[in-house]
Protein chains: 2
Amino acid sequence: MDGELLDIGEVARRTGLAASALRYYEKQGFIAPAGRNGLRRSYRPDVLDRLALIVCARDAGFTIAEIAGFLRAAPGDPELRARLADKAVRLEDDIARLERMRDALRHASACAHEPLVECPDFKRHFRPDGGGQSASERPSRQ
Amino acid sequence: MDGELLDIGEVARRTGLAASALRYYEKQGFIAPAGRNGLRRSYRPDVLDRLALIVCARDAGFTIAEIAGFLRAAPGDPELRARLADKAVRLEDDIARLERMRDALRHASACAHEPLVECPDFKRHFRPDGGGQSASERPSRQ
DNA sequence: GTCTTACTTGAAGCGCGGTTCAAGTCAAGG
DNA sequence: CCTTGACTTGAACCGCGCTTCAAGTAAGAC
């Protein structure tokens, strides 16, 4: 009762992912076919949910290795929970940065300052301290 | 009066970027030394502002090519303004996605559902339509 | 039976954003 | 003058996240 298995082409169509990407994800251990029809992979429909999750995580900036960690971790693993919470915090930072960038772009698209990149209002979005040319000890990781 | 030129090592230290990255950015046309002391690049301190902008844009997910476009565009170019506004809109979408991911992670870090990735509350963050296994025409670009 | 067509495989390749390397230069210090 | 050491160069290399390729296979239509 459901028995509706999907082949890789169908999954590709429905998710918008390339078949090669699905095979790649399989190699990474993210998904697995329910079986084969001849050589062809047959997927249960719930693979679509899993792929939606993977795509979302990928688009949110998680690396393949991180996603693998989340998907493969033992259920209930407290360390996993901690990592997830940690990631949520980092996402907060990412969101804040993107919001600053968005605000800067909004200003830029309306601002008439001549060399746009020299507009002090624009620049203020990137360096909290006004126009001073000083910059000390920025520990930013590279 | 200021004459305080910085060499590449100093700029690297102050920005947290590698010297190789600075040379790379120069090759891309993002920055230029004010002069040379022998072979050594000498930068005016305002290069730090420009680098802050570049780093921020990079961290906000802009490609090198996009940043180049923004930096090199003719000042006042109306097409540039339009592109900036367009980017701001896309950033909105990115922010929204990141917020959904953040909410999902927050839930996940507290949720006791056994195979975590199967938690319906968790999944709901990724697929607007509840538990249905259907998925039609997702045009998502790959 | 044979054709078509979408799949299969492993290996190689690609674009991005730099980093690393080998060999060389040169300003400053002693 | 000689050494030191941070700089210089172009070219090669790297990790990521896939894509592309060449060669092969099998399900379903005719």
Side-chain angles (χ1 to χ4, degrees), chain A residues 3-44 47 50-72 97 140-142, chain B residues 3-44 47 50-72 97 140-142:
Chain A
E4 289 277 12
L5 294 182
L6 312 169
D7 81 354
I8 200 172
E10 187 64 14
V11 174
R13 270 202 331 94
R14 292 206 193 180
T15 59
L17 294 165
S20 59
L22 297 176
R23 285 191 285 266
Y24 175 72
Y25 290 158
E26 181 175 333
K27 224 172 253 177
Q28 305 307 311
F30 291 4
I31 57 173
R36 295 269 178 147
N37 176 20
L39 282 184
R40 300 175 184 206
R41 292 161 174 85
S42 296
Y43 295 98
R44 281 194 317 248
V47 80
R50 189 160 252 246
L51 286 169
L53 164 59
I54 291 165
V55 166
C56 189
R58 181 197 64 181
D59 289 353
F62 293 92
T63 66
I64 289 292
E66 283 170 334
I67 296 172
F70 296 150
L71 289 180
R72 290 206 280 250
R97 253 191 307 98
S140 109
R141 60 217 56 77
Q142 39 141 344
Chain B
E4 288 276 11
L5 293 182
L6 313 169
D7 81 353
I8 199 172
E10 188 63 13
V11 174
R13 268 201 334 92
R14 293 207 194 180
T15 59
L17 293 165
S20 59
L22 298 176
R23 285 190 288 265
Y24 175 72
Y25 290 158
E26 181 175 333
K27 224 172 256 180
Q28 305 307 310
F30 291 3
I31 58 173
R36 296 267 180 150
N37 176 20
L39 283 183
R40 301 178 184 204
R41 292 161 175 84
S42 295
Y43 295 98
R44 281 194 317 250
V47 79
R50 190 162 252 248
L51 287 168
L53 163 60
I54 291 165
V55 166
C56 189
R58 182 196 65 180
D59 289 353
F62 293 92
T63 65
I64 290 292
E66 284 170 335
I67 297 173
F70 297 150
L71 290 181
R72 289 204 281 247
R97 252 192 308 96
S140 111
R141 60 217 60 72
Q142 37 142 340

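Predicted model only: the values in this text are computed from it and were never measured.
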Q: Let me see the working for A:Arg50 and A:Tyr25 under side-chain contact (heavy atoms from CB on, under 4.5 Å), right down to the final yes or no.
A: CA-CA 11 Å; A:Arg50 189 160 252 246; A:Tyr25 290 158; over 6 Å; no
Q.
Per the salt bridge (charged side-chain N to carboxylate O under 4.0 Å, His left out) rule, what does the pair list look like for residues 27-40 of chain A, sequence neighbours excluded?
A. none
Q. Would you say A:Arg58 reaches D:dC18's phosphate, i.e. side-chain N/O to OP1/OP2 under 4.0 Å?
A. yes
Q.
From C-beta outward on A:Ala18, which listed nucleotide comes closest to its side chain: C:dG18, D:dT19, C:dT9?
A. D:dT19
Q.
side-chain contact (heavy atoms from CB on, under 4.5 Å), that's the test. Do A:Val55 and A:Leu17 meet it? Break it down for me.
A. CA-CA 9 Å; A:Val55 166; A:Leu17 294 165; 3.9 Å; yes
(Q) Restricting to side-chain contact (heavy atoms from CB on, under 4.5 Å), what partner residues turn up for A:Ala68, sequence neighbours left out? (A) A:Phe30, A:Arg72
Q. Can you list the residues that meet the side-chain contact (heavy atoms from CB on, under 4.5 Å) rule with B:Arg97, with sequence neighbours excluded?
A. A:Asp59, B:Asp94, B:Arg100
Q. Residues two or more places apart in sequence or in another chain: which of them pass side chain to side chain donor-acceptor pair (under 3.5 Å) with B:Glu66?
A. B:Lys87
Q. Rounding to a whole Å, what distance do you find between B:Ile54:CD1 and C:dG18:C1'?
A. 14 Å
Q) Taking the nucleotide of DNA chain D with the closest heavy atom to each, which residue, A:Ala21 or B:Ile8, is nearer the 5' end? A) B:Ile8
**Q.** Interatomic distance, B:Glu10 CD vs D:dG5 P [rounded to whole Å]
**A.** 19 Å
Q | Residues touching DNA chain D, which here means a heavy atom under 4.0 Å, drawn from residues 22-32 of chain A | A | A:Tyr24, A:Tyr25
Q: Report the distance from atom OH of A:Tyr43 to atom C1' of C:dA6, rounded to the nearest whole Å.
A: 14 Å
Q: List the steps, then state whether side-chain contact (heavy atoms from CB on, under 4.5 Å) holds for A:Val47 with A:Thr15.
A: CA-CA 10 Å; A:Val47 80; A:Thr15 59; over 6 Å; no
**Q.** Pairing residues for A:Ala19 by the side-chain contact (heavy atoms from CB on, under 4.5 Å) criterion, not counting sequence neighbours
**A.** A:Ile8, A:Arg23
Q: For residues B:Ile67 and B:Ile54, report the shortest heavy-atom separation together with the two atoms involved.
A: CD1-O, 4.0 Å
Q. A:Gln28: what forms a side chain to side chain donor-acceptor pair (under 3.5 Å) with it, not counting sequence neighbours?
A. none
(Q) Restricting to side-chain contact (heavy atoms from CB on, under 4.5 Å), what partner residues turn up for B:Ala12, sequence neighbours left out? (A) B:Leu22
Q: Residues of residues 60-71 of chain A with any non-hydrogen atom less than 4.0 angstrom from an atom of DNA chain D: list those, numerically ordered, please.
A: A:Thr63, A:Ile64
**Q.** Per-nucleotide protein contact string for nucleotides 22-29 of chain C (B base, S sugar-phosphate only, - none; heavy atom under 4.0 Å)
**A.** ---SSS--
(Q) From CZ of A:Arg13 over to C1' of C:dA6, roughly how many Å is that when rounded to an integer? (A) 14 Å
Q) Considering heavy-atom distances to DNA chain C, does B:Ala19 or A:Ser42 have its closest nucleotide positioned more toward the 5' end? A) A:Ser42
Q. Hey, is the side chain of A:Arg41 poking within less than 4.0 Å of OP1 or OP2 on C:dT9, counting only N and O atoms?
A. yes
